[in-house]
Number of protein chains: 2
Amino acid sequence: MAAPLTEAAIQQVRQLVVDGELVSGQRLPPEAELAESLGMSRSTVREAVRALVTLRVLDVKRGDGTYVTSLRPELLLAGIGAAADLLQNEFTLELVQVRRILEPAATAMAARQITDAELSDLEACLHQMSVASSHEELVEYDEQFHHIVATAAGNATLASMLTGVSSRTTRGRAWRGVIETSATARTMAQHAEILAALRARDPKLAEAAALMHVSTTEAWFRTVLGAAGR
Amino acid sequence: MAAPLTEAAIQQVRQLVVDGELVSGQRLPPEAELAESLGMSRSTVREAVRALVTLRVLDVKRGDGTYVTSLRPELLLAGIGAAADLLQNEFTLELVQVRRILEPAATAMAARQITDAELSDLEACLHQMSVASSHEELVEYDEQFHHIVATAAGNATLASMLTGVSSRTTRGRAWRGVIETSATARTMAQHAEILAALRARDPKLAEAAALMHVSTTEAWFRTVLGAAGR
DNA sequence: ATGACTTCAAACGTCTGATGTCTAGCTTTT
DNA sequence: AAAAGCTAGACATCAGACGTTTGAAGTCAT
């Protein structure tokens with residue numbers, strides 16, 4: 001049979017992490033040693049390490065060594081965002097649908113435990129959006145707004161996944177739609193409604209406000225993709 | 001500044017895919033040509049290719065060439081499952097919580113459009129589970145059951161994410177709990193209830209049945225992690 | 001003794017070139 | 001025309017060399 005040595009190396013090192021023989025923050029043996037102990041050349045080990053770096057399991061510090069990352073959800077699930085950007089148009093609506101499920105749930109959770117500091121941050125975001133002078137700025141603070149809400153839900157895994165499905169490109173396209181349809185005022189109002197619900201610590205209301213917001217985005221994509229897409 | 005050539009190569013090739021210059025199924029130039037056109041050595045190009053293979057963007061066929069994958073959600077989001085297995089115990093509960101959000105929603109969607117063939121498959125799974133003779137077999141058919149439901153929801157992106165958060169290790173641990181607490185009969189009954197709701201094409205009921213099921217799992221993990229975990 | 005500067009060994013980053021192995025497609029044979 | 005064998009091209013792996021960066025030990029002036 002074939003000899004996918006690199007793949008084997010990836011699995012072996014990965015297994016060391018799963019089994020707890022390599023813990024978060026720990027330093028790996030130098031590439032040369034690893035190569036010898038795994039019975040392969042340094043090039044092959046490097047390819048394996050590169051793969052695990054891509055998965056955010058390892059972190060290489062040049063001139064120093066290779067370390068195991070914190071293995072936190074924010075890192076390991078960051079790939080979702082990258083993946084979302086690569087999905088074809090065909091799946092844009094699917095992404096929004098997932099967001100439609102996650103965002104209301106997360107917003108409801110946030111309503112139960114959001115801090116005053118986070119509420120202030122949200123208000124600041126809202127203000128920045130209202131005075132934004134460029135499309136990029138608008139998207140930037142919109143992203144920040146939703147990220148704060150997701151984080152306030154107190155579930156890092158959920159927050160990472162939600163952030164991932166709300167990738168920047170999708171968000172950018174949605175805002176272009178908002179502007180084209182002169183719905184900026186309405187969208188801003190929706191954000192204000194979400195903030196108000198959170199401030200009132202009203203989970204049900206927050207859930208509803210978030211659903212309204214995502215649904216607007218969904219409707220926009222449905223018309224665009226339905227008309228031009230295919 | 002530093003010269004992360006490999007990283008640059010990854011981004012460049014990735015950008016070619018995003019920009020549509022490399023479409024799904026297309027073959028890339030040979031490593032040698034790529035190296036020359038990107039102005040770097042073959043080793044470096046290989047590391048970049050390896051990274052993109054890990055992300056399931058490229059697929060290397062030895063002796064033949066390197067191709068762009070289908071870029072479907074099942075591929076690009078498969079990493080979620082791998083990531084879930086690497087998450088520390090600390091985040092197990094977070095994963096279950098996400099599943100608690102996604103699974104009822106997906107099950108409700110499935111109730112609206114599941115096919116008769118899929119219903120038959122589910123029944124077959126259920127039967128296999130009832131006569132399973134080993135722990136592995138049980139987990140196997142349980143996994144299959146939920147995967148069919150997720151797929152029947154008609155959203156490949158959602159299905160991939162749901163499958164990802166229901167990683168095999170987590171599922172295995174949950175079943176161990178089911179057996180330890182002699183709750184096998186009850187768990188089987190819950191699956192039957194989900195199937196019944198789907199068969200009745202009753203979204204609300206299906207949602208409720210799925211929520212009940214996931215909540216049982218969540219409760220189990222809460223006791224285990226609360227007691228021994230820390 | 002303290003702080004800043006210098007030196008240096010270790011480790012990663014990149015390149016080169018050679019050899020092994022596999023695949024697809026063509027050629028030959030039947 | 002179908003099956004067996006052959007070959008060019010492409011990936012897999014290896015070995016070795018050299019460049020760059022980093023952290024820390026060591027040095028020196030204050």
Side-chain angles (χ1 to χ4, degrees), chain A residues 1-17 21-71 75 78, chain B residues 1-17 21-71 75 78:
Chain A
M1 89 162 236
L5 257 188
T6 301
E7 208 60 37
I10 295 175
Q11 292 311 320
Q12 285 184 54
V13 176
R14 190 175 181 282
Q15 200 57 44
L16 289 180
V17 176
E21 297 195 35
L22 287 177
V23 300
S24 184
Q26 187 172 341
R27 175 178 171 165
L28 270 70
E31 291 173 351
E33 280 183 38
L34 251 183
E36 191 173 7
S37 76
L38 292 179
M40 58 189 68
S41 76
R42 196 180 149 216
S43 327
T44 306
V45 168
R46 276 186 61 79
E47 285 189 22
V49 168
R50 169 58 62 183
L52 290 168
V53 167
T54 302
L55 295 176
R56 313 287 197 120
V57 173
L58 299 181
D59 186 26
V60 177
K61 297 174 70 173
R62 184 175 180 175
D64 182 5
T66 304
Y67 298 82
V68 179
T69 67
S70 66
L71 299 179
L75 279 180
Chain B
M1 89 163 237
L5 256 189
T6 301
E7 208 59 37
I10 295 175
Q11 292 311 321
Q12 284 184 55
V13 176
R14 188 174 182 283
Q15 199 58 43
L16 289 180
V17 177
E21 297 194 36
L22 287 177
V23 300
S24 184
Q26 187 172 341
R27 175 176 170 164
L28 269 71
E31 291 174 349
E33 281 183 37
L34 250 184
E36 189 173 10
S37 76
L38 292 178
M40 59 188 69
S41 76
R42 277 163 233 135
S43 332
T44 306
V45 168
R46 277 187 59 79
E47 285 189 21
V49 168
R50 169 60 61 183
L52 290 168
V53 167
T54 302
L55 295 176
R56 312 287 197 121
V57 174
L58 298 182
D59 184 27
V60 177
K61 297 175 71 173
R62 184 173 180 177
D64 183 5
T66 304
Y67 298 81
V68 179
T69 68
S70 67
L71 299 179
L75 278 180

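As a basis for the values below, the full set of heavy atoms in this structure was taken, side chains included, without hydrogen atoms, waters or symmetry mates. This structure is a prediction, so every number in the text was calculated from the model and none was measured.
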Inset, instruction - Check the distance between D:dT20's C1' and A:R62's CZ and give it to me in whole angstrom. - result: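 In whole Å, D:dT20 C1' lies 5 Å from A:R62 CZ.
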Legend entry - Distance in angstrom units between A:D59 CG and D:dT22 C1', rounded: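 Checked: the CG to C1' distance equals 14 Å.
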Inset, instruction - Return the nearest nucleotide to the side chain of B:T66; candidates are D:dC11, D:dC14, D:dA10. - result: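 Taking heavy atoms from C-beta onward, the closest nucleotide is D:dC11.
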Legend entry - Listed nucleotide nearest any side-chain atom of B:D64, set D:dA12, C:dC12, C:dT23: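 Given the options D:dA12, C:dC12, C:dT23, the side chain of B:D64 is closest to C:dT23.
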Inset, instruction - Select from B:G65 and A:E7 the residue whose nearest nucleotide in DNA chain D is closer to the 5' end of that strand. - result: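 Its nearest nucleotide lies further toward 5', so the answer is B:G65.
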Inset, instruction - Could you tell me which non-hydrogen atom of B:L5 sits nearest to which non-hydrogen atom of B:M40, and how far apart they are? - result: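 Distance-wise, the nearest heavy atoms are CD2-CE, 3.9 Å.
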Legend entry - Exercise: identify the closest heavy-atom pair between A:E31 and A:V45: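 Shortest heavy-atom contact: O-CG1, 4.3 Å.
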Legend entry - Residues from residues 29-57 of chain B lying under 4.0 Å of DNA chain D - heavy atoms: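 Nucleic-acid contacts, sorted: B:P30, B:E31, B:R46.
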Side-chain donor/acceptor of [X] to backbone N/O of [Y], under 3.5 Å:
{"X": "A:T69", "Y": "A:R56", "value": "yes"}
{"X": "B:R62", "Y": "A:P4", "value": "no"}
{"X": "B:Q26", "Y": "B:V23", "value": "yes"}

Inset, instruction - With the side chain counted from C-beta on, respond yes when B:Q15 and B:Q12 share a heavy-atom pair under 4.5 Å apart, and no when they do not. - result: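 Side chain of B:Q15 against side chain of B:Q12, heavy atoms only: no contact under 4.5 Å found.
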Inset, instruction - Kindly say if B:T6 contacts the phosphate of C:dG13, meaning a side-chain N or O under 4.0 Å from OP1 or OP2. - result: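 No.
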